[in-house]
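For reference, the structure discussed in these notes is given below.
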Amino acid sequence: MSSARGENHAVYAAGGLVWRLVDGKVRVLLIHRTKYRDVTLPKGKVDPGETLAETAVREIFEETGIRVRLGVPVGVSRYRMANGKQKIVHYWAAEARPAAIRDSAFVPNREIAAIEWMTLRKARERLSYPVDVEILDAFEQLLADGVQRTVPLIVLRHAKATARSDWEGSDASRPLTPRGQAQAESIVGPLRAFGVRRIVTSDAVRCVQTVAPLARAIGRTPVETPLLSQDAWEEGLSDPRSVVGKRVRSGKPAVLCSHGPVLPDILREVALATGTLHGSYLSSASALDVAAFSVVHLSAGNPGSGIISIETHDPRV
């Protein structure tokens, strides 16, 4: 779901169900569009080379002035535009933090006449389109389950590395190829869309190089550990449980960068640490191409309530 490809040349877009707490009660943000004279959710078309997650964050900011990080996916709407093309819009829940609201410099403009915070009941009455109401319904279910506020734990496979057959040094010292370096740069935006603030990586060179651009972008020093390395895994010495447990307890958005054979163990430990039933979804989330990642959404207030959602993003390079 990383880019706008396929499905009969459909037009792809992304946006968010932006919410906040006011005196302990949930309010959602709707926009009044000037041209269409409607009331809808903030969203917009994917720019060339942009991922859906990046689009959602950018469009929310451009239309409301509020910077958010993405939470749980809350649905995909599909409808026909006037020109007959299908439009496919991916939505995420996104909490608007008080500081982000204070920093908003929104003023009415030619595209957006106004933004308005509403109760869910009022929003349901005011939204102009049934497809938007469906997104609101999905968010309301999160509220009913008490899991609207989540923390992402992102499992990332390293980018494209030099082949073993072409490398004379140790396996752990294999570097990224030029394509892998481009992939490492390209995933910075999508990962930042989920608000990553912590980086833990296998100490293999290909993993360290994969997260280096992200580390520079967010001003964080990655924690390098052999506990997530392929060498340790092959020797039966890896320990994803201790790494995952620490990250779940911290409650901070984080990325764990590792290797294809180690990823199933990492996802399995996330499920165990959060009391989540095992299933085929774990295998799907761990079967990642190079530079792909799975976002595991956990409840911020009660991580023991299980995995709320998992979404997988492929690289665009």
How about His9 and Gln86: do any of their side-chain heavy atoms sit closer than 4.5 Å? no

With a 4.5 Å limit on heavy-atom distance, are the side chains of Ser250 and Arg198 in contact? no

Classify the side-chain pair Ser170/Ser173 by whether it contains a donor and acceptor separated by less than 3.5 Å. yes

Nearest 0.5 Å, please: how far is CD1 in Ile266 from CZ in Arg241? 13.5 Å

Establish whether Val248 and Ile310 are linked, either directly or via other cluster members, by ILVMFWY side-chain heavy-atom contacts under 4.5 Å. yes

Please check: side-chain N/O of Thr210 versus main-chain N/O of Ala159, any donor-acceptor pairing under 3.5 Å? yes

Nearest-0.5 Å distance, CD1 of residue Ile307 to CG of residue Leu282: 5.5 Å

Co-membership, hydrophobic cluster, residues Leu153 and Leu288, 4.5 Å side-chain: yes

Compute whether any side-chain donor of one residue and acceptor of the other, for Asp137 and Gln141, lie under 3.5 angstrom apart. no

Spacing of CG belonging to Leu120 relative to CE belonging to Met118, to within rounding of 0.5 Å: 11.5 Å

Are Arg164 and Asp171 close enough, and set up right, to give a side-chain contact (heavy atoms from CB on, under 4.5 Å), and what steps lead you there? CA-CA 7 Å; Arg164 288 194 185 193; Asp171 180 66; 2.9 Å; yes

Should Arg157 and Leu263 be marked as a side-chain contact (heavy atoms from CB on, under 4.5 Å) after you check the CA-CA gap, both sets of side-chain angles, and the distance that decides it? CA-CA 8 Å; Arg157 185 178 178 186; Leu263 300 181; 3.8 Å; yes

Between Glu234 and Gln230: side-chain donor-acceptor atoms closer than 3.5 Å: yes

Judged by atom type as modelled, is there a donor-acceptor pair below 3.5 Å linking the side chain of Ser229 to the main-chain atoms of Ser202? no

Whether the Arg37 and His32 side chains hold a donor-acceptor pair (N or O, under 3.5 Å, no angle test) is what I'd like checked. no

So is Arg67 actually on top of Phe61's ring, under 6.0 Å and inside 45° of the axis? yes

Got a list of side-chain donor-acceptor pairs under 3.5 Å for residues 15-25, not counting sequence neighbours?
none

Say whether Thr312 and Ser294, considering side chains only, have a donor N or O and an acceptor N or O under 3.5 Å apart. yes

Side-chain contact, heavy-atom cut-off 4.5 Å: Leu30 with Leu127? yes

Answer yes or no: is there an ion pair linking Glu185 with Arg216, defined by an N-O contact shorter than 4.0 Å? yes

Is Ser104 reaching over with its side chain to a backbone N or O of Thr64, donor-acceptor style, under 3.5 angstrom? yes

Answer yes or no: is there a donor N or O on one side and an acceptor on the other, between the side chain of Asn302 and the main chain of Ala300, under 3.5 Å? no

Distance, nearest 0.5 Å, that separates SG of Cys207 from CG of Leu228: 8.5 Å

Under 4.5 Å between side-chain heavy atoms, counting indirect links through other Ile/Leu/Val/Met/Phe/Trp/Tyr residues: same cluster for Val188 and Ile154 or not? yes

Can Glu54 and Arg58 be counted as an ion pair, charged N to O under 4.0 angstrom? no

Expected output: side-chain Arg316 to main-chain Ser186 donor-acceptor under 3.5 Å: yes

Determine whether Ser305 and Ile308 make a side-chain contact, defined as any pair of heavy atoms from C-beta on separated by less than 4.5 Å. yes

Nearest atoms (heavy-atom pairs only) where Pro226 meets Ala232: O-CB, 3.3 Å

Common cluster, Val211/Val244, ILVMFWY with side-chain heavy-atom separation under 4.5 Å: no

Tell me whether Arg102 contacts the main-chain N or O of Arg97 through its side chain, where contact means a donor paired with an acceptor under 3.5 Å. no

Passes ring pair (Phe, Tyr, Trp, His ring centres under 6.0 Å), His158 versus Phe293? Steps please. CA-CA 9 Å; His158 65 77; Phe293 61 89; over 10 Å; no

Over all heavy atoms of both residues, which pair between Pro264 and Gly260 is shortest? Give the atoms and the distance, please. CD-O, 3.3 Å

Using the rule given for salt bridge (Lys or Arg N to Asp or Glu O under 4.0 Å), can you reason through Lys160 versus Asp289, listing the C-alpha separation, both sets of side-chain angles and the distance that settles it, and then say yes or no? CA-CA 9 Å; Lys160 180 68 174 178; Asp289 291 331; over 6 Å; no

Is any side-chain heavy atom of Lys87 less than 4.5 Å from a side-chain heavy atom of Met81? yes

Taking atom types as modelled and ignoring hydrogens, do the side chains of Ser242 and Asp239 form a donor-acceptor contact shorter than 3.5 angstrom? yes

Can you check whether Val11 reaches Lys45 side chain to side chain, under 4.5 Å on heavy atoms? yes

If you measure only the distance, is there a donor-acceptor pair under 3.5 Å linking the side chains of Thr34 and Glu111? no

CG on Leu156 to OG1 on Thr201, rounded to 0.5 Å: 8.0 Å

Leu41 versus Ile135: any side-chain heavy-atom pair under 4.5 Å? yes

One pair to check against side-chain contact (heavy atoms from CB on, under 4.5 Å): Lys85 and Arg80. What are the steps and the verdict? CA-CA 6 Å; Lys85 288 186 176 181; Arg80 291 288 173 184; 5.5 Å; no

Salt bridge flag under 4.0 Å for residues Lys122 and Glu116: yes

Run the side chain to side chain contact (heavy atoms under 4.5 Å, CB included) test against Asp38 and tell me which residues pass, sequence neighbours left out. Arg33, Tyr36, Thr40, Ser128, Tyr129

Side-chain touch Val151/His297, heavy atoms, less than 4.5 angstrom: no

Do Asp132 and Arg124 sit within salt-bridge range, that is, some charged N less than 4.0 Å from a carboxylate O? no

Is a donor on one side and an acceptor on the other found under 3.5 Å between the side chain of Ser238 and the backbone of Leu227? no

For the residue pair Trp233 and Ser258, confirm or rule out a side-chain donor-acceptor distance under 3.5 Å. no

Hydrogens and angles aside, do Thr51 and His313 bring a side-chain donor and acceptor to less than 3.5 Å of each other? no

Which class fits the ring pair Trp92 and Phe194: parallel under 30°, tilted 30 to 60°, perpendicular over 60°? perpendicular

Tell me, with the steps shown, if Tyr91 and Val131 meet side-chain contact (heavy atoms from CB on, under 4.5 Å). CA-CA 11 Å; Tyr91 289 95; Val131 290; over 6 Å; no

Same apolar cluster (I L V M F W Y, side chains within < 4.5 Å links), Val270/Val262: yes

For the pair Gln183 (side chain) and Ala291 (backbone), establish whether a donor and an acceptor sit closer than 3.5 Å, ignoring hydrogens and angles. no

Nearest 0.5 Å, please: how far is CG in Leu29 from CD1 in Ile66? 5.0 Å

Take Lys43 and Glu63, measure what salt bridge (Lys or Arg N to Asp or Glu O under 4.0 Å) needs, and give me the verdict at the end. CA-CA 8 Å; Lys43 64 179 181 298; Glu63 295 191 340; over 6 Å; no

Return yes if some donor-acceptor pair links the side-chain N/O of Asp145 with the main-chain N/O of Val147 below 3.5 Å, else return no. no

Run the salt bridge (Lys or Arg N to Asp or Glu O under 4.0 Å) test on Glu269 and Arg247 for me, step by step, so that the C-alpha distance in whole Å, both residues' side-chain angles and the decisive distance to 0.1 Å come before the verdict. CA-CA 11 Å; Glu269 292 301 334; Arg247 297 280 31 108; over 6 Å; no

Treating Glu62 as the side-chain partner and Glu59 as the backbone partner, does any N or O pair qualify as donor plus acceptor under 3.5 Å? no

